[in-house]
Structure formats: C-alpha cells, structure tokens
Protein chains: 2
Amino acid sequence: MKTQAIGELSRKTGVHIETIRYYEREGILPTPMRSPAGRRIYSDEDVRRLNFIHKCRGLGFSLKEINSLLSLVDSGDFACKEVHELTIHHAGQITEKIVDLKKMEGVLQAMAAQCNQGNVPQCPIIDSLFDA
Amino acid sequence: MKTQAIGELSRKTGVHIETIRYYEREGILPTPMRSPAGRRIYSDEDVRRLNFIHKCRGLGFSLKEINSLLSLVDSGDFACKEVHELTIHHAGQITEKIVDLKKMEGVLQAMAAQCNQGNVPQCPIIDSLFDA
DNA sequence: CTTGCTTCTGTAGTAACTACAGGATACATA
DNA sequence: TATGTATCCTGTAGTTACTACAGAAGCAAG
C-alpha cells in the first residue's frame, strides 16, 4: 500500500484522528498532501513516524522532547557535537526509565507469584521501591 | 527526620508544591495532618508514596493507572484473584515499555557512537524502530 | 440518487499540571 | 521586640496534550 487516508493511519497506529490533526497543528507531524477534495493523504513514512511518536508518549516523553528526538533525524545538516550531546542526554534518560521499570516489573511479578499461592502480599511496592 | 512541611516534601521528591496539593484534591495522596495554624504535615511514608507516583508519571502511567497500582497496596483486604490479574496486566504493560525503551537506547547509543567518529547518522531512529 | 461512512473545520471539554494573587504564618536577626 | 524574608494557605486562571462533538461536504455501493 502506498498512501492512505487519515482513518487508516489512525487504525494502523492506534492514534485518534483528532490527535493526528492536533499533531499536525503542533508541527510534530508534517503537513500532508491533500486530495483534490482537500482530504489528507499519508505515506508509510508517516505511519512509522506516528508510531514512534505514539510509543514515546506512552513512555512519558513530552511532545517537546519527542520533537527534540525527531529533529536529530529530520535535519540532515547539523553540528555533530550538539547531536552527540543531545543523544547521550536522551539515552541517559531512557536508561533511567529502564531501571525504574525493571524494579517495578520485579516487584509486580513477585506480587503475582505470592498471590498465586494464595498469600496476600504485604505492601511490597512502596516499601521496596523508589525510596530514593 | 520524622515529619516535614510541604516545601521539604517538594524538595525531596522533585514534585511542585502545587502538584502535591493537586494530588491531594484528586485523592492520590491522603489528606495529611495539619499543624495548629493549618499547615500540611507529611511523614516519610508520604515521601515514598510521592516518589512512586512521580516515577510512574515519568514512565507514562496515568493517575488512574497509578491509583490502580497503589490500591493493590493500600487495601489489605481484597480478592486475591483480581489482584493477581491486575498485577499481571500491569507487569505486562511494563515489560512492553522496557522492550521499547531498550530499542531506543540501542539506537541512540549507536547514533552517539557514529557521531563520535565524525559521521552523520543516516536516520536510524525512524527506519529501524517501531515499524510495527 | 439515496444511504451510510469518512473526512473536513471549528469549537468546547477533560486530564494533569503550573502559575500567580492576595493574605497568613514562621522564624532568624538587628 | 520589630522586621524582613521565607514559607505556607486558598482560590483562580493559564498551559499541555489530548478528546469529543457539531455541522457540512465528499465518496462508494446498491
């Protein structure tokens, strides 16, 4: 499939049609081609870009941060040192998030296991997690 | 230290004072004790709870989801089967997030390495990530 | 050519903050 | 004790990131 309307883009990505138009207004998605009747036409590149944005939002990145990540890619002509610093900064953020999520994952799996055996877990999340 | 005012809770957790009061209004933080003059007094338990909430928000969980996670802990008297299902559901969500973040981490680190060598990276994020 | 689905613009509502305004309280120091 | 500075209070209004219509127009099938 080469191009698609907004409805199909929405179905493929799980992003509401209204949100797609919102992202366009905010400049996170590029202004798409239009059909003769004025309907938006999207490419598979747009599908991938929107998937990326959607995942990032689900991971707690703001639209501003996502723009910053995307601009690493969008501009082919940039100062490499700045890109390097920005990239390292983002990677550090992401590593921290992974650490936190792994802690949560471990505690929740332990809870589920305890629960499975008919025991009531004794408040493990708050006690063992995120004290610092 | 045993108890503290809202300012210190804010400093310890990195959560704005206004946001702490907002969480209280929304029922995510319990209504705290008050000093004779009517000022909020917080315990170290509150510090831990707020840290947890703050981290979860940064990881893309909604306040509703956080409430659901916290209620696994808050209610000591619940049906174990439901808790088990909810816990497994949350753990699954978290595992997915970890997978996505690891992909991002890998690509960003590769970008930084390329950049380090003076090469301009050729659009790796969108191309290699989140196609599905 | 009509019925139903999709899309359009525009506006208004919601979630989760964030930023004051205007006033009271606490507390260290001259 | 006075006073200045910091902190806290309530309340309201603004911001970000959606989300949900309303009303009109386009498109596709029977």
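In what follows, every chain begins at residue 1, and chains take the letters A, B, ... in the order their sequences are listed. What's counted below: heavy atoms across the whole structure, side chains too, no hydrogens, waters or symmetry copies.
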What is the distance, to the nearest angstrom, from the CD1 atom on A:Ile6 to the C1' atom on C:dC5? 15 Å

With a non-hydrogen cut-off below 4.0 angstrom, is A:Ser62 in contact with a base, only sugar-phosphate, or nothing? sugar-phosphate

Using whole Å, report how far CD1 of A:Ile17 lies from P of C:dT6. 8 Å

Would you indicate, yes or no, if C:dT9 has its OP1 or OP2 atom less than 4.0 angstrom from a side-chain nitrogen or oxygen of A:Arg40? yes

Which is true for B:Arg57 with a 4.0 Å heavy-atom rule: it touches a base, it touches only sugar-phosphate, or it touches nothing? sugar-phosphate

Below 4.0 Å: OP1/OP2 of C:dT18 and any side-chain N or O of B:Thr19: yes

Find the distance A:Ile20:CD1 to C:dT6:C1' and express it as a whole number of Å. 13 Å

Donor on one side chain, acceptor on other, B:Glu26 and B:Asn67, under 3.5 Å: no

Among C:dT7, C:dT9, C:dA16, the nucleotide that comes nearest once only the side chain of A:Arg34 is considered: C:dT9

Please report the distance, rounded to the nearest Å, between CD in A:Glu24 and P in C:dT9. 8 Å

Using heavy atoms to find the nearest nucleotide of DNA chain D for A:Ala37 and A:Ile53 separately, return the residue whose nucleotide is more 5′. A:Ile53

Between B:Leu63 and B:Ser35, name the one whose nearest nucleotide on DNA chain C is closer to the 5' end. B:Leu63

Between A:Arg57 and A:Ser62 the two heavy atoms that sit nearest each other are NH1-CA, 3.6 Å

Less than 4.0 angstrom from a charged side-chain N to a carboxylate O is my criterion; do B:Arg48 and B:Glu45 meet it? yes

Tell me what A:Phe61 touches on the nucleic acid: a base, only sugar-phosphate, or nothing, going by heavy atoms under 4.0 Å. nothing

Chain B footprint on DNA chain D, 5' to 3' - any atom under 4.0 Å from a heavy atom: D:dT7 to D:dT10

Nearest-angstrom distance from the residue atom OH of A:Tyr22 to P of C:dT9: 17 Å

Looking at CG of B:Leu29 and OH of B:Tyr22, how far apart are the two atoms once the value is rounded to the nearest 0.5 Å? 12.0 Å

Go through the structure and list residues passing side chain to side chain donor-acceptor pair (under 3.5 Å) with B:Arg40, not counting sequence neighbours. B:Glu24

Using only modelled atom types and a 3.5 angstrom limit, is any donor from either the side chain of B:Arg39 or the base of C:dT25 paired with an acceptor on the other? yes

Per nearest nucleotide of DNA chain D, the residue lying toward the 5' end, A:His16 or A:Pro36, is A:His16

Does C:dC17 have OP1 or OP2 under 4.0 Å away from a side-chain N or O of B:Arg25? no

So does B:Val47 get a backbone contact from the side chain of B:Thr13, meaning a donor-acceptor N/O pair under 3.5 Å? no

Contacts of type side chain to side chain donor-acceptor pair (under 3.5 Å), residue B:Ser43, not counting sequence neighbours: B:Asp46

